[in-house]
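Reviewing the structure listed below.
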Amino acid sequence: MKKRYLEDLIVGDVKTSGSMIVDKAHMIDFAKQYDPQYFHVDEAAAKQSRFGDVIASGQYTMMLWRKLDNQIAHDIAWICGVAWDDVRWPVDVRGGDELRARAWCIDKRISAKDPTRGVTRFQYQLLNQDDEVVFTAVSTNLIETRPE
């Protein structure tokens, strides 16, 4: 697999993943283990909530984003992520939703501390079948520069 290094990233170039359908049973099982609030795990109680049904936890939504974003960014020469900013869940995710990820580099530069790595900022979004943004974040990452 050919890697994309800092020099290969184009600021503003938008990439979009394929789509996936949210499995309601899996979503609820995840919440039972990691975020057991009633509106994530109890269908009857959730119907009485302001959401009207069970919704995905934020952590589950991020997990789905990560899986889809890997389709976009699996070939980038990542070193690691160092920060997330402006993390938002503006629209609920529900079982049966069809999601896809979108990402673009919003800034890149050579590291002042180490010229063998770059510092990038990416805008990430997860969108549903109605093109509504259901998750968004800005991530600061370290990426390898092209070896000499």
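- Side-chain contact between Thr116 and Glu144: absent, with no pair of heavy atoms (C-beta onward) separated by less than 4.5 Å.
- For the pair Asp131 and Arg100, the salt-bridge criterion is met [side-chain N within less than 4.0 Å of a carboxylate O].
- Trp84 and Val134 fall within the same hydrophobic cluster, where Ile, Leu, Val, Met, Phe, Trp and Tyr residues are linked whenever their side-chain heavy atoms come under 4.5 Å apart, directly or through other members.
- Val138 and Trp104 fall within the same hydrophobic cluster, defined by Ile, Leu, Val, Met, Phe, Trp and Tyr side-chain heavy atoms under 4.5 Å apart, directly or through other members.
- Side-chain contact between Tyr60 and Val22 is present, with heavy atoms from C-beta onward closer than 4.5 Å.
- Transitive grouping of hydrophobic side chains (ILVMFWY, heavy atoms separated by less than 4.5 Å) brings Ile28 and Met20 into a common cluster.
- The two residues Asp42 and Ala44 make their nearest non-hydrogen contact at OD1-N, 3.1 Å.
- The existence of a salt bridge linking Arg94 and Asp92 is confirmed by a sub-4.0 Å separation between a basic side-chain nitrogen and an acidic carboxylate oxygen.
- If you chain together hydrophobic residues whose side chains sit under 4.5 Å apart, Leu127 and Tyr124 never meet in one group.
- Checking side-chain atoms of His74 against main-chain N and O of Asn70 turns up a donor-acceptor pair under 3.5 Å.
- A distance of 9.0 Å separates CZ in Arg4 from CD1 in Ile10, rounded to the nearest 0.5 Å.
- Considering all non-hydrogen atoms of both residues, Pro115 and Thr145 come closest at O-OG1, 3.3 Å.
- Here the CH2 atom belonging to Trp78 is positioned 10.0 Å from the CG atom belonging to Leu142, to the nearest 0.5 angstrom.
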Verdict with reasoning, Lys2 to Asp8, per salt bridge (charged side-chain N to carboxylate O under 4.0 Å, His left out):
CA-CA 11 Å; Lys2 184 180 175 186; Asp8 301 316; 5.9 Å; no

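- Surrounding OH of Tyr34 are at most 12 heavy atoms belonging to other residues, nucleotides or ligands under 6.0 Å away.
- Taking CG from Asp75 and NZ from Lys3, the interatomic distance works out to 10.5 Å, rounded to the nearest 0.5 Å.
- You'll find the side chain of Phe135 reaches within 4.5 Å of the side chain of Val87, heavy atoms only.
- Residues Asp23 and Ala25 come closest through the heavy atom pair OD1-N, 3.1 Å.
- A side-chain donor-acceptor contact under 3.5 Å links Lys108 to the backbone of Leu6.
- Annotation for Ile143 and Leu9: closest pair CD1-CD1, 3.6 Å, computed over non-hydrogen atoms.
- The shortest non-hydrogen separation linking Ala101 to Leu68 is CB-CB, 3.7 Å.
- Expressed to the nearest 0.5 Å, how far CD of Glu43 lies from CD of Gln48 amounts to 13.0 Å.
- When side chains are defined from C-beta on, His40 does not count as touching Phe30, because their heavy atoms never get closer than 4.5 Å.
- Taking the six-membered ring wherever Trp is involved, the centroid distance between the rings of Trp65 and Phe122 does not fall below 6.0 Å.
- No side-chain heavy atom of Val93 sits under 4.5 Å from any side-chain heavy atom of Ile55.
- Rounded to the nearest 0.5 angstrom, Ile76 CD1 and Asn141 CG are separated by 8.0 Å.
- Considering Gln123, Gln125, Arg102 in turn, Gln123 is the only one that fulfils the side-chain hydrogen bond (donor to acceptor under 3.5 Å, both in side chains) rule with Thr136.
- Here the NZ-OG distance, from Lys67 to Ser17, works out to 11.5 Å after rounding to the nearest 0.5 Å.
- Hydrophobic cluster membership is shared by Met62 and Leu126, with clusters built from Ile, Leu, Val, Met, Phe, Trp and Tyr side chains linked at under 4.5 angstrom.
- At least one side-chain heavy atom of Glu98 sits less than 4.5 Å from a side-chain heavy atom of Ile21.
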Any chance you could lay out the salt bridge (charged side-chain N to carboxylate O under 4.0 Å, His left out) test for Asp97 and Lys24, step after step, and finish with the verdict?
CA-CA 9 Å; Asp97 281 354; Lys24 187 175 187 178; over 6 Å; no

